[in-house]
2 protein chains.
Amino acid sequence: MGDRVSVARERLREYLRGRGLRATRQRDRVLEAFLADAAHASVDEIYDRARAGDPAIGHATVYRAMGLFVAAGIAKERRFHADGRVRYEPALDVDHHDHLVCTRCGDIQEFENPAIERLQEEVAAARGFAVAYHRLELYGLCARCRAGEKGPEKSLDEQSGSRV
Amino acid sequence: MGDRVSVARERLREYLRGRGLRATRQRDRVLEAFLADAAHASVDEIYDRARAGDPAIGHATVYRAMGLFVAAGIAKERRFHADGRVRYEPALDVDHHDHLVCTRCGDIQEFENPAIERLQEEVAAARGFAVAYHRLELYGLCARCRAGEKGPEKSLDEQSGSRV
DNA sequence: TTTATTGCAAAGCGTTTGCAACGTG
DNA sequence: CACGTTGCAAACGCTTTGCAATAAA
C-alpha cells in the first residue's frame, strides 16, 4: 500500500503543478485515506478516515479533493445501484474491471473478462456506437451469504426484482 | 401503446386489491404518463406529463406511485451513471435488456445479448456468487453524434470533468 | 363510515458553493 | 505578496415524510 500511495501522490503533484494548483496537507491526507480505505469508499468513509489523522478537515475539502483526483485520473467515480451516494475506486495501476455486488452484506468483488468485453464491442459496433467506457455489475448473493452466514447485513438493500 | 397500458393497469389493480390498497385517478394518470413517455423517464418527466392531464397532481404522488409500480413489478428503477436522478422503465412484457447510453445527446438504446449473459453466469458461478439481476451499460457516442450531427446536447454529462 | 390517498410544505440527504481566513509557491 | 485552498454554513436538487383534507371501498 505504501507504494501505491506514493505513485498516486506523484501523479497528483504533476497534475497540480501543470495547472498552477497547490499541493496541500489536506489533499495528501485525503489521498491517503482514499487509498488506504477498502476500495469503493464513499465520501463519508474517506472523510472519517482522513479526520482520524486531521480532525479539522471538512466535508467540502474531501469532495473537492475527490473531484480533483478524478480529474487527475487517480480515482474513478462509481454509482452503484440503489445506493444514493457516489463511491470511488483507485484508477491507477488497474486495467478495467467489473463488479459483483452482494445485495445482502454489501461486499463488492471485482472481476474482468475479456470475452465479455469483446462481445460488448461487437454489440456496439453493430449500431455504429463508439464505446468510451462501460459498466457491468452483477447483483446477488455472495458465496458467504448463500451459505447462510449471518453477516453484517450492510447498507445496499435489495431493489426491484429483475432477474438475469 | 393502448394495450400495454391496460395490461399494466390490470396488473396494478390486482396488486392493489391483494393488499387492501386503492385504485385512484392519480395512479392511473401516473401510470399512463409513465408508459406513454419515452422509456427511461425521470420522475420529473412523468410528473410533467401527468400534470398535462391533471394539473393538481403533486410530486409526492408521482414518487409514491412509482414506488408502487416498482413493487407491483410494472416498473424498474434505473440509475444511470453521472445522473443523480432515478429513471424508470417498463418491467412488463420485457425480457431483460441492457443499455447503450450516448454521453453527448443522452440517447438511450437497448440491446440484449445472450452470449454476454451466459458469460456473466460463468464468472459469477466461479466465485460461488448467485446472480439475482445485473446491469450492463455501454457509454460513448451514438452513431448520430459520431457523425458530427449537432443534436440537442442533453443532460447526461461525461463522468469526471469537475474543476476546483 | 372507515381508512387509504392526496397535495402541500417541511424535512432529509448527499453534494456544491459563497465567503472570509489561511497557507502555499 | 498573490492567489489558490480551507472550513464553515448556507444553498441545492432530488426524494421522502408529516399532516389535515379528501375520496375510494
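What separates CZ of R79(B) from C1' of dG14(C) is a distance of 11 Å, to the nearest Å. Nucleotide dT3(C) holds its C1' atom 18 Å from the CZ atom of R19(B), rounded to whole Å. At whole-Å resolution of the value, CG in D54(B) and C1' in dG7(C) are 11 Å apart. When rounded to the nearest whole Å, the span between CZ of R51(A) and C1' of dC8(D) equals 11 Å. Here the C1' atom of nucleotide dT5(C) and the CZ atom of F69(B) are 13 Å apart, to the nearest Å.
Here the closest non-hydrogen pair linking Q109(A) and C142(A) is NE2-CB, 4.2 Å.
When the side chains of ILVMFWY residues are joined at heavy-atom separations under 4.5 Å, either directly or via intervening members, L16(B) and V62(B) end up in a single hydrophobic cluster. A single hydrophobic cluster is seen to contain both F69(B) and Y15(B), as judged by linkage of ILVMFWY side chains at heavy-atom distances under 4.5 Å, directly or through other members.
Nearer the 5' end of DNA chain C, as judged by each residue's closest nucleotide, is the contact made by G20(B), out of G20(B) and T61(B).
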Reading nucleotides 16-25 of chain D 5' to 3', which nucleotides get B (base under 4.0 Å from a protein heavy atom), which S (sugar-phosphate only), which -? BBB----BBS
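Below 30°, between 30° and 60°, or above 60°: for H40(B) and H99(B) the angle between ring planes is above 60°, a perpendicular geometry.
Salt bridge E32(A)/R49(A): absent, no basic N to carboxylate O contact under 4.0 Å.
Applying the ring-ring contact (aromatic ring centres under 6.0 Å, His included) criterion to Y47(B), with sequence neighbours excluded, gives H59(B).
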